[in-house]
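Right, one structure below, let's go through it.
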Amino acid sequence: MKKNTFDYQKWQNERKYFQQEGVKKEELELEPFFNIQEDIKKQILTEGDPSSEVKFIAGVDVAYNEVAQRVVAGLAILDAITLECVETAICEDRICFPYIPGLFSFREIPPILKAFEKLRIQPDLIVCDGQGMAHPKGVGMACHLGIELQIPSIGCAKSRLIGEFEAPGEERGASTPLLFEGQEVGKVVRTQTEVKPVFVSVGHMISLETACQWVLRLSPNYRLPETTRAADHLVNQTMKQLF
DNA sequence: GCGACAG
DNA sequence: ATCTTGTCGC
C-alpha cells in the first residue's frame, strides 16, 4: 500500500484530494493531520469576551448523503439581539474525507470555508455543531474553524467525545465541568430544564464562561442554540431537495 | 488486547 | 450523520 503524503495547501485547494486517490479510512496516514493539529493548538486563545461587539452570529452545520457521496455545508447568520436569521449561505460538494473521531474538522471544514466565501455579512462569533477544545488533542472543529477564519468560536456538541463529568442539575442554566487529564476542557450545560445537556467548549478567542453564556442566550426555547437549529434546517432542507 | 468514539 | 411510524401533547 502506498502511503499518502499530506499537503494541507493542496487539501484546502482541492477538496477532492482523497477521493481522487481512493484513500480508504484504514490506510490513511494520520501523522500529517496530527501535526496540523499541533500547529493549530499553539494558536488557540482561550480568553476573550467579544460580547459587546457581537452583532451577528454564525451557526454551522453539515449534512451528508453517503450513497451519492455529496455533502451540503450551511451557514445561518443570526441577529445577536433578535435571533432572527438575516442571511444564509450553502456549499454543495463531493465528500472529501472519511468520518474519523478526532479528525472531524478535516471532513467538515473544506465545504464550510467555501460557504463562508459566499457570505455578505461577516459574523462576530461562530457556534459549531461539535467540540472545541474538548477533544483528544485539544483541537476540535470549533478551534480549527476559529483559527482558520480568525473569528471567535464556540464548540457546542450534542454528545461527549472525551472527558468525565457529573450530571448537572436539572434546571436550565445548570452546568458541571468536563474533565480530561486533570484539566477542565469544557462544560456540560443544561440549556432546558430536564432535557439532556450539551457539551460546550472553547473554540478560539473566547473564555469558557463567556461561551456558556452565549450558548444559553442562544437557546431560549430548545435544547440546541438557534444558530445550530437554523443551520441544521437549512442543510437538511437543501439536501432533501437535492436528493 | 479491549472498548470508546463530535457528525 | 443517516435509516425510519406512529404517537403523545400543546
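Every chain is numbered from 1, with letters handed out A, B, ... down the list of sequences.
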I would like to know whether A/Glu108 and A/Tyr64 meet side-chain hydrogen bond (donor to acceptor under 3.5 Å, both in side chains); could you show each step before the answer?
CA-CA 10 Å; A/Glu108 301 223 327; A/Tyr64 298 91; 2.8 Å; yes
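As rounded to whole Å, 9 Å separates atom C1' of B/dA4 from atom CG of A/Leu161. What separates CD1 of A/Ile109 from P of B/dA6 is a distance of 17 Å, to the nearest Å. Following rounding to the nearest Å, A/Asp129 (CG) and B/dA6 (C1') show an atom-to-atom distance of 8 Å. Protein atom CD of A/Gln131 is 11 Å distant from nucleotide atom P of B/dC5, rounded to whole Å. Rounding to whole angstrom units, CD of residue A/Gln69 and P of C/dA1 are separated by 17 Å. Distance A/Leu103 CG to B/dA4 P: 20 Å, rounded to the nearest Å. Distance, A/Phe104 CZ to B/dA6 C1': 6 Å, rounded to whole Å. What separates CE of A/Met239 from P of C/dC3 is a distance of 10 Å, to the nearest Å.
The shortest distance between the side-chain N/O atoms of A/Lys158 and the OP1/OP2 oxygens of B/dA6 is not below 4.0 Å. One finds a side-chain N or O of A/Ser159 lying less than 4.0 angstrom from the OP1 or OP2 phosphate oxygen of B/dG7. Considering only side-chain N and O atoms, A/Asn236 lies under 4.0 angstrom from the phosphate OP1 or OP2 of C/dT2. In this structure, A/Arg160 reaches the B/dC5 phosphate: one of its side-chain N or O atoms is under 4.0 Å from OP1 or OP2. Put simply, A/Tyr64 has no side-chain N or O that comes within less than 4.0 Å of OP1 or OP2 on B/dG7.
Residue A/Glu166 qualifies as open at atom CD: its count of foreign heavy atoms under 6.0 Å is 12 or below.
Side-chain proximity of A/Pro101 to the nucleotides B/dA6, B/dG7, C/dT2 is greatest for B/dA6. For A/Asp61, counting side-chain heavy atoms from C-beta on, the closest listed nucleotide (C/dT2, B/dA6, B/dG7) is B/dG7.
Among the heavy atoms of the strands, none lies under 4.0 Å from A/Asn65. Residue contacts shown for A/Asp232 are absent, as no nucleic acid heavy atom lies under 4.0 Å away. Using a 4.0 Å heavy-atom cutoff across all strands shown, A/Ala134 reaches no nucleic acid atom at all. Across all strands, A/Gly102 comes closer than 4.0 Å to base atoms (heavy-atom distances).
Within the cation-pi definition used here (under 6.0 Å to the ring centroid, within 45° of the axis), A/Lys187 does not qualify as a partner of A/Phe199.
Note: A/Phe97 and A/Phe33 have perpendicular aromatic rings, judged against thresholds of 30 and 60 degrees for the angle between ring planes.
Using a 4.5 Å cut-off on side-chain heavy atoms (C-beta onward), A/Leu149 and A/Leu113 make contact.
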